Amino acid sequence: MTRHARNCTAGAVYTYNEKRKDAAASGYGTNSQRLGKDSLRDFDCCCLSLQPCRNPVITKDGYLYDKESILEYILSKKKEYTRQLKEYEKQKKRLEEESQEKTANEELKKLQKFLKSEITIVSKEDDEKDGEASSSVSNMSNGKDKHLPSFWIPSKTPEARETILEKPDKNIYCPMSGRILKLKDLLPIKFTEVNDPDDKKSLIVKTARYMCPITRDVLSNSTPCAVIRTTGDVITMECVEKIIKKDWINPLDSTKLTEGDIIPLQRGGTGYSAANTDLEGKHERPVLQA
């Protein structure tokens, strides 16, 4: 029996290929596409600028940033916190003044009502008339003429409620891990360049740019790396497992190391599911329902 073509319309079954084709043409349904290597950053690129780092620094969690980019990020967050704090304090002061003014007006009304009841004897009918007069719906009574709403401004309508600001958080968080980020926690690191006298290309154009200073293995996106906290050198995890963990001595300067001195470097993008967990991009669109 011969096989039917993809776009064969003689069958009674609505195939997956026909469904996907119709969804793409109609503009409905969620589009998903697997990301390739070109859509992911390299292991030596900044997590903010996605460009090769000129002055690389690393966080406690192993995320790599360019020093200039992360300092600009921290400075912008501090400026935003200062602006939000000024707005919060301004609103808080205004609400306190309004509360004090409201309390003073209520006490003044109570005093006027007491003096009025002491001076004159008011009948029940007069009290009802006064009650009706005080509950007038006119926008000119009871001092409302001084605070007329502007119905053409959305924020001035009677139904509009003012947004109550919360006190801003002064902490700065890492854009990748979401943990508190401090300037003193940024550790400068250094990559060991591959010295090939026959290769005259620029460093940024080279495919094999850096290597492990101990084993001389070339570093790439598919090579798990780590950083020695004491010296800032970037080495391979294989070197850590096979050489350093034997006696916990740094072969570069013969200093004693601990387990906390090894910071795993977050890997770059390889384009393979064995190295990266999230390799699918989605574009959500409205769903076509019958």
Side-chain angles (χ1 to χ4, degrees), residues 35 37-90 165-194 201-213 219-221 223-237 240 250 252-253 255 257-270 275-278 281:
L35 301 179
K37 182 180 178 182
D38 295 337
S39 301
L40 305 173
R41 72 175 186 89
D42 291 333
F43 74 99
D44 60 338
C45 292
C46 173
C47 293
L48 287 176
S49 64
L50 304 181
Q51 299 297 323
C53 296
R54 291 180 293 180
N55 297 315
V57 292
I58 194 175
T59 63
K60 293 180 178 180
D61 300 317
Y63 290 101
L64 184 67
Y65 296 101
D66 188 77
K67 189 174 183 180
E68 182 179 358
S69 300
I70 194 63
L71 289 180
E72 289 180 357
Y73 173 80
I74 293 175
L75 183 60
S76 63
K77 288 298 180 181
K78 287 186 176 181
K79 289 182 178 179
E80 184 179 358
Y81 166 73
T82 304
R83 180 185 60 81
Q84 292 178 353
L85 184 62
K86 287 182 179 179
E87 293 179 356
Y88 169 77
E89 291 178 348
K90 184 178 179 180
L165 301 177
E166 297 181 357
K167 189 173 182 180
D169 189 3
K170 65 179 181 179
N171 294 322
I172 299 174
Y173 297 93
C174 176
M176 296 299 295
S177 64
R179 297 186 179 182
I180 296 178
L181 178 64
K182 295 182 180 180
L183 188 60
K184 63 180 181 180
D185 295 334
L186 296 176
L187 177 68
I189 65 174
K190 53 185 177 180
F191 290 98
T192 304
E193 298 182 9
V194 177
K201 296 180 181 179
S202 176
L203 180 63
I204 195 172
V205 182
K206 292 181 180 179
T207 305
R209 295 193 288 265
Y210 303 111
M211 65 179 181
C212 175
L219 305 181
S220 64
N221 291 337
T223 306
C225 302
V227 177
I228 303 177
R229 184 191 296 270
T230 55
T231 60
D233 291 290
V234 180
I235 59 177
T236 60
M237 288 299 296
V240 175
N250 187 357
L252 299 174
D253 56 1
T255 57
L257 297 176
T258 61
E259 190 173 357
D261 293 331
I262 304 299
I263 304 176
L265 183 65
Q266 297 296 329
R267 300 176 68 176
T270 61
N276 304 102
T277 57
D278 190 7

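What you are looking at is a predicted structure, and each value in this text was computed from that prediction instead of being measured. Computed over heavy atoms, backbone and side chain alike; hydrogens, waters and symmetry mates excluded.
- Residues C174 and Y65 meet the side-chain proximity criterion, which asks for heavy atoms closer than 4.5 Å.
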Could you pull out every donor-acceptor pair under 3.5 Å between side chains of residues 40-47 and any protein atom, sequence neighbours left out?
| residue | atom | partner | partner atom | Å |
| --- | --- | --- | --- | --- |
| R41 | NH1 | C45 | O | 3.0 |
| D42 | OD1 | N221 | ND2 | 3.0 |
| D44 | OD1 | R209 | NH2 | 3.0 |
| D44 | OD2 | R209 | NE | 3.1 |
| D44 | OD2 | R209 | NH2 | 2.8 |

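- Here I180 contributes atom CD1 and K170 contributes atom NZ; the two are 10.0 Å apart, rounded to the nearest 0.5 Å.
- Contacts classified as side chain to side chain donor-acceptor pair (under 3.5 Å) and involving residues 184-194 (residues at least two apart or in different chains) are not found.
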Go through I58 and V234 one step at a time and tell me if the side-chain contact (heavy atoms from CB on, under 4.5 Å) criterion holds. CA-CA 11 Å; I58 194 175; V234 180; over 6 Å; no
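- Distance CD/E68 to SG/C53: 11.0 Å, rounded to 0.5 Å.
- Two residues are said to be in side-chain contact when any heavy atoms from C-beta on lie closer than 4.5 Å; L64 and I189 meet this criterion.
- Taking NZ from K182 and CD1 from I172, the interatomic distance works out to 11.0 Å, rounded to the nearest 0.5 Å.
- Looking at every heavy atom in both residues, P188 comes nearest to V57 through CA-CG1, 4.0 Å.
- Other residues, nucleotides and ligands place no more than 12 heavy atoms under 6.0 Å from the CZ atom of R179.
- Remark: the backbone N or O of N55 is paired with a side-chain donor or acceptor of D66 at under 3.5 angstrom.
- Between the side chain of Q266 and the backbone N or O of D61, at least one donor-acceptor pair lies under 3.5 Å.
- The distance from atom CG of L165 to atom CD of E89, rounded to the nearest 0.5 Å, is 11.5 Å.
- Two residues are said to be in side-chain contact when any heavy atoms from C-beta on lie closer than 4.5 Å; L252 and P213 meet this criterion.
- Going from atom CG of L186 over to atom CG of L71 covers 7.5 Å, rounded to the nearest 0.5 Å.
- Applying the side chain to side chain donor-acceptor pair (under 3.5 Å) definition to pairs two or more places apart or across chains, those involving residues 69-82 are E80-Q84.
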